[in-house]
*Asks:* 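Below is one structure. I have some questions about it.
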Amino acid sequence: MVVAPAASEIPANDAIELLGLDRAGMAEVLALLGVPERQQRMRASQLWHWIYHRGVTDFADMANIAKALRADLARHCRIGRPTVRRDLRSTDGTRKWLLAGADAQEFEAVYIPETDRGSLCVSSQVGCTLTCRFCHTGTQRLVRNLEPAEIVGQFMLARDALGEWPSSARNRLTNIVMMGMGEPLYNLDNVTQALAIVMDNEGIGLSRRRITLSTSGVVPMMARAGEALGVNLAVSLHAVRDDLRDELVPINKKYPITELLDACRAYPGVNNARRITFEYVMLKGVNDSDAEAHELVRLIRGIPAKINLIPFNPWPGSPYECSTPARVRKFADIVNAAGYASPVRQPRGRDIMAACGQLKSDSVRERRQRTAAVEEQPA
Ligand code: SAH
Ligand code: SF4
């Protein structure tokens, strides 16, 4: 027999966040609200449809759920979104949101429209424990993992902003790249829970082929991620020698290039139709010589791969400059001649600080300046 919990045990004041819960989690909440066991699965499916297929945030809109249950849900639960701190639009159509969790910690999401797709660059952590020298996020001290609700919430919020509910084939937002702040493989459980929701066919229904997870090279987690998610993998290579990669991507000291490439060869499901993307940030005079381009194609021989050349996006105080356009072209030519597609990623949204981690730091700096100004005032 299912015993309904005493009213005093149920958190009141819409304290239970439904966003980020899987179906079992929703059924548990329904049990807590006294929904009989035989109805829980069906009601959880209905909630799922309204939340993840329709994007509804108000229980009153859930037409096929009994009024009394809607009222109960509204009393005890909510369907939230991350708080929007800033909403910036670039002249090139890129949109960037500075977001905050319930604890006021900030993270970012960026929407990048292209001719054949629209990608949302999603963050997995507040800050990052790794300290890649060219990356602004790596300079931020405060780090915590984002919750599943905060990860799915970035996508839900972008869909809200684009007015794209319910999910349909005409949506402009078609792809997710886990290339925002943080190292997704250091928050794999939450990333997996969030992406499982995003890929569920009865909700958002994004295909795994439209999701790319980018890692700096957390070798022991790569196979697990591939098995759990089956999404596309991008690897931040950025250097072809261990001494240089040790400096640019310090996790290389733990997992050097040969180990990283072995893990790429073993990545579940990798084949010519599902290639691994190697990301290579173009740093002037650091990693952009012809010899390095030749070494790059030699290193990845045998791995079904694409190479993504990323113009370095400078930030105030960054120790590097971007390679010249002519150098990037020459580097790309060598890689192309070896038979690899190597699109040069266009810098997008420079006018809104779309480079990873920049907006958050700007906000922190502004606040510090404001605080300093207040402190400087005479008593
Ligand atoms: N932590 C993961 C995913 C987030 S970073 C990773 O490192 O792969 C996403 C991509 O942006 C990585 O390839 C990263 O190296 C690159 N990147 C970071 N800062 C950059 C900058 N200032 N200019 C260009 N690319 C940058
Ligand atoms: Fe972290 Fe990736 Fe930035 Fe390196 S490049 S500091 S792993 S977010």
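Treat the numbers as computed from the prediction; the structure is a model and nothing was measured. For this chain, numbers begin at 1 and follow the sequence in order. Just so you know, ligand 1 is whichever comes first in the structure, and atom 1 is the first atom listed for that ligand. Only this structure's heavy atoms are used, side chains among them; waters, hydrogens and symmetry mates stay out.
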*Asks:* Does Pro314 come within less than 4.0 angstrom of ligand 1, counting non-hydrogen atoms of the residue?
*Replies:* no
*Asks:* Using a strict cut-off of less than 4.0 Å between a Lys/Arg side-chain nitrogen and an Asp/Glu carboxylate oxygen, indicate whether Glu227 and Arg224 qualify as a salt bridge.
*Replies:*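 Arg224 and Glu227: not salt-bridged.
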*Asks:* Tell me the contacting part of Thr215 for ligand 1: side chain, backbone, both, or neither, using a 4.0 Å heavy-atom threshold, strictly below.
*Replies:*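 It is the backbone that touches ligand 1; the side chain stays farther off.
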*Asks:* Side chain or backbone of His238 under 4.0 Å from ligand 1, or both, or neither, by non-hydrogen atoms?
*Replies:*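 For His238, only side-chain atoms sit under 4.0 Å from ligand 1.
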*Asks:* Test of understanding: given a 4.0 Å heavy-atom threshold, classify the contact between Met179 and ligand 1 as side chain, backbone, both, or neither.
*Replies:*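 Met179 to ligand 1: contacts from backbone and side chain alike.
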*Asks:* Output yes when the distance from some N or O of ligand 1 to some N or O of Gly182 is under 3.5 Å, and no in every other case.
*Replies:*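 Yes.
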*Asks:* Checking only N/O/S atoms, does Cys128 have one that is under 2.8 Å from atom 1 (Fe) of ligand 2?
*Replies:* yes
*Asks:* Going hydrophobic residue to hydrophobic residue with side-chain gaps under 4.5 angstrom, can you get from Val152 over to Val84?
*Replies:* yes
*Asks:* Within 45 degrees of the ring normal and closer than 6.0 Å to the centroid, is that where the cationic atom of Arg159 sits relative to Trp165?
*Replies:*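 Here Arg159 passes the 6.0 Å and 45° test against Trp165.
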*Asks:* Check whether NZ of the Lys or CZ of the Arg Arg86 lies under 6.0 Å from the centre of the six-membered ring of Trp97 and within 45 degrees of that ring's axis.
*Replies:*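 So Arg86 doesn't make the cation-pi contact.
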*Asks:* Check Val281 against ligand 1 and report side chain, backbone, both or neither, counting heavy atoms closer than 4.0 Å.
*Replies:*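 Answer for Val281: side chain.
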*Asks:* To the nearest 0.5 Å, what is the distance between SG on Cys135 and OH on Tyr320?
*Replies:* 12.0 Å
*Asks:* Polar contacts were defined as any N/O atom of the residue lying under 3.5 Å from an N/O atom of the ligand; does this apply to His136 and ligand 1?
*Replies:*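 Among all N and O atoms of His136, none is under 3.5 Å from an N or O of ligand 1.
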*Asks:* With a cut-off of 2.8 Å, does any N, O or S atom of Cys132 fall short of it relative to atom 4 (Fe) of ligand 2?
*Replies:* yes
*Asks:* At a 4.0 Å cut-off, with the gap strictly under it, does some heavy atom of Ser236 reach an atom of ligand 2?
*Replies:* no
*Asks:* Between Phe134 and ligand 1, which part of the residue brings a heavy atom under 4.0 Å of the ligand: side chain, backbone, both or neither?
*Replies:*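 Contact part for Phe134 vs ligand 1: both backbone and side chain.
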*Asks:* With atoms numbered from 1 as shown, which atoms in ligand 2 lie under 4.0 angstrom from a non-hydrogen atom of Ser216?
*Replies:* 7 (S)
*Asks:* Does Asp290 come within less than 4.0 Å of Arg327, counting only side-chain N to carboxylate O?
*Replies:* yes
*Asks:* Would you call Asp288 and Lys330 a salt bridge, using N to O less than 4.0 angstrom?
*Replies:*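 Between Lys330 and Asp288 there is no salt bridge, as every charged N stays at least 4.0 Å from the carboxylate O atoms.
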*Asks:* For ligand 2, which atoms have a heavy atom of Leu130 less than 4.0 angstrom away?
*Replies:*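 Under 4.0 Å from Leu130, ligand 2 has these atoms: 6 (S), 7 (S).
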*Asks:* Check whether more than 12 heavy atoms from other residues, nucleotides or ligands sit under 6.0 Å from atom CZ of Arg265, and answer yes or no.
*Replies:*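 Count over threshold, so yes.
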*Asks:* Using a 4.0 Å cut-off to any heavy atom of Ile310, which atoms of ligand 1 qualify?
*Replies:*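 Near Ile310, meaning under 4.0 Å from one of its heavy atoms, ligand 1 has 24 (C), 25 (N).
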